Participant: 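The structure follows.
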2 protein chains.
Amino acid sequence: MATPSDSPPGSAHAVYATLRHRFSNGEYAPGQRLTEAALAADLGVSRTPVREAIGRLLTDGLVVPAARGVAVAALTPAEAEHLFTLRADLEALAAELAASRQALGMLAPAEITALDLAVDRVEEAVNAHDPRASAQANLALHRAIGAAAGNPFLEDALHRVWDRIAVTTVANLDDPHWAGAITEQHRAIVAGIRAGDPEVARKAAKTHIEAAGRAYRPAP
Amino acid sequence: MATPSDSPPGSAHAVYATLRHRFSNGEYAPGQRLTEAALAADLGVSRTPVREAIGRLLTDGLVVPAARGVAVAALTPAEAEHLFTLRADLEALAAELAASRQALGMLAPAEITALDLAVDRVEEAVNAHDPRASAQANLALHRAIGAAAGNPFLEDALHRVWDRIAVTTVANLDDPHWAGAITEQHRAIVAGIRAGDPEVARKAAKTHIEAAGRAYRPAP
DNA sequence: GGAGCGATGATTGCATGCAGCGTATACTGG
DNA sequence: CCAGTATACGCTGCATGCAATCATCGCTCC
């Protein structure tokens, strides 16, 4: 909900940003326990800012109260389904808004070009069978679409969903059928945006995320 | 994003919940500055948990960094528009999911009855020209719809949007045309849910929130 | 040998202390 | 009377200290 332009100073926010970044990179295993002292030592600050950051992660749902403090939140199959349902709608809205802005001439040509480029990068990474790079390139593309929507609150909601999913996922791209479909679907979304057709873009995005949800298999 | 079933213990979370509740009740004026010491004294705890709670409010965007600490976030017209755009889509999804669950027999008859009752309460409050009660009853209805959707992540996203809007709003219900339309639109949403028709429910909800967005005028 | 129980250790949760910083106020000079 | 400046106060931000709590490990008893 915070407009991303804010960059509050302070060690607490830095710790929070760092941890959030680590989560979205899947650097922590689900169920792993986090201790304040260890993080404080790791990040070179005292326990207080770490404590604040963990509190924020708690409200984000990225960590859950555990026996002795907090643990990295896992994702039950039901939760994953709920997340993808929400994500499908949010990304559909993002694509729709991006297309609307394009129709109104509010998107720079460079932004559209960047979308094409991002699609290419995903394709390359998938063809190279590099799951890590694929996930990152894929996220970059979707982030770019979210940015093109021009709605900071939507972007924030998307980030929350992505981060929550990213904890447990290295996207399942070894399914050859899904790997083949992903680029085609990406191109359909971008085509809808480029054409300035909100309905087409929305449907393409929704279809894509629903397919991604079916392909997703949470780590055990 | 936090599944609402979690209820982390601790004074920090209690402070956060209290403040969040106050915000959603509009108890703080936009721009008002909040000091840790005053809140700590008010709530009978030390500055530390207050500090943590304020940190969470910062990431929620409900407060913004100010000269001397934090101030209650105001809402620019552009932000309000973005919020209502997102809200329209989220509530549309909520109504759609609620209708789907109804079609699958997953909604208890008591839930449907509660929706009807909530609509009636909004109507009464609006007819009584009680803006405060109207806003609360309206929020209660929308919360009920959100709950009927059965998706905790969607509920959380909705709460974030509502709270962000609630800071500056006591809904503008003195517009007689809007006041007359609101109950009709509410009934349309509930009718769609009761009929188990996701498309009808979605469109009704979207139409309603878009109308609400037009009627909304942020406090100066 | 297994199970129950107690002690110890680690870790959280909150309070307080202290330094740094910015704001506001009061005072002085023009 | 107004403007400029210096001082002092309030407030934040972080670190540390202390008490309470819970898990784990080892011991004893059956």
Side-chain angles (χ1 to χ4, degrees), chain A residues 2-3 5-23 27-74 167, chain B residues 2-3 5-23 27-74 167:
Chain A
T3 46
S5 54
D6 302 328
S7 60
S11 184
H13 186 266
V15 172
Y16 173 67
T18 301
L19 289 180
R20 186 106 185 229
H21 187 258
R22 290 188 180 177
F23 270 85
E27 295 183 26
Y28 293 116
Q32 179 177 347
R33 278 190 39 208
L34 298 179
T35 69
E36 297 177 3
L39 287 173
D42 182 14
L43 299 172
V45 295
S46 91
R47 274 179 49 217
T48 305
V50 171
R51 196 176 163 62
E52 283 188 40
I54 289 183
R56 303 191 196 189
L57 293 176
L58 266 172
T59 74
D60 289 341
L62 291 175
V63 298
V64 293
R68 209 89 197 93
V70 298
V72 178
V167 171
Chain B
T3 47
S5 54
D6 301 329
S7 60
S11 183
H13 186 266
V15 171
Y16 174 67
T18 300
L19 289 180
R20 186 107 185 229
H21 187 257
R22 289 188 181 179
F23 270 84
E27 295 182 27
Y28 292 116
Q32 178 177 347
R33 279 189 38 209
L34 298 179
T35 69
E36 298 177 1
L39 287 174
D42 183 14
L43 299 173
V45 295
S46 93
R47 275 179 48 220
T48 305
V50 171
R51 195 176 164 61
E52 283 188 41
I54 288 182
R56 303 192 195 187
L57 293 176
L58 267 172
T59 73
D60 290 343
L62 291 175
V63 299
V64 293
R68 209 94 201 92
V70 298
V72 179
V167 171

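The model shown is predicted, which means the values in this text are computed figures rather than measured ones. Numbered from 1 within each chain, the chains take letters A, B, ... in sequence-line order.
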Participant: Would you name the heavy atoms of A/L58 and A/V63 that are closest together and state the gap between them?
Facilitator: CD2-O, 3.5 Å
Participant: Would one find a side-chain N or O of A/R47 under 4.0 angstrom from OP1 or OP2 of D/dT16?
Facilitator: no
Participant: Would you say B/R51 reaches D/dC14's phosphate, i.e. side-chain N/O to OP1/OP2 under 4.0 Å?
Facilitator: yes
Participant: I want to confirm an ordering. Mapping A/A67 and B/T48 to their closest nucleotides on DNA chain D, which one lands closer to the 5' end?
Facilitator: B/T48
Participant: Relative to the 5' end of DNA chain C, which residue comes earlier, A/E36 or B/G44, by the nucleotide with the nearest heavy atom?
Facilitator: A/E36
Participant: To the nearest angstrom, how far is B/E52 atom CD from D/dT12 atom P?
Facilitator: 16 Å
Participant: Would you kindly give the OH-to-P distance between B/Y16 and C/dG13, to the nearest whole Å?
Facilitator: 17 Å
Participant: Tell me which nucleotide among C/dA10, D/dA15, C/dA15 gets nearest to the side chain of B/S46.
Facilitator: C/dA15
Participant: So what does B/L34 touch, heavy atoms closer than 4.0 Å: a base, only the sugar-phosphate, or nothing?
Facilitator: sugar-phosphate
Participant: Rounding to an integer number of Å, can you tell me how far B/L43 CG sits from C/dA15 C1'?
Facilitator: 16 Å
Participant: Just jot down the side chain to side chain donor-acceptor pair (under 3.5 Å) partners of B/R47, sequence neighbours excluded, or say none.
Facilitator: B/E36
Participant: Between the side-chain atoms of A/R68 and the base atoms of C/dT12, is any donor-acceptor pair under 3.5 Å?
Facilitator: no
Participant: Report the residues that fulfil side chain to side chain donor-acceptor pair (under 3.5 Å) with B/R33, sequence neighbours left out, ordered by chain and then residue number.
Facilitator: none
Participant: Taking all non-hydrogen atoms of both residues into account, name the closest pair between B/V15 and B/A53 and its distance.
Facilitator: CG1-CB, 3.5 Å
Participant: Return the value, rounded to whole Å, for the distance between atom NE2 of B/H13 and atom C1' of C/dC14.
Facilitator: 17 Å
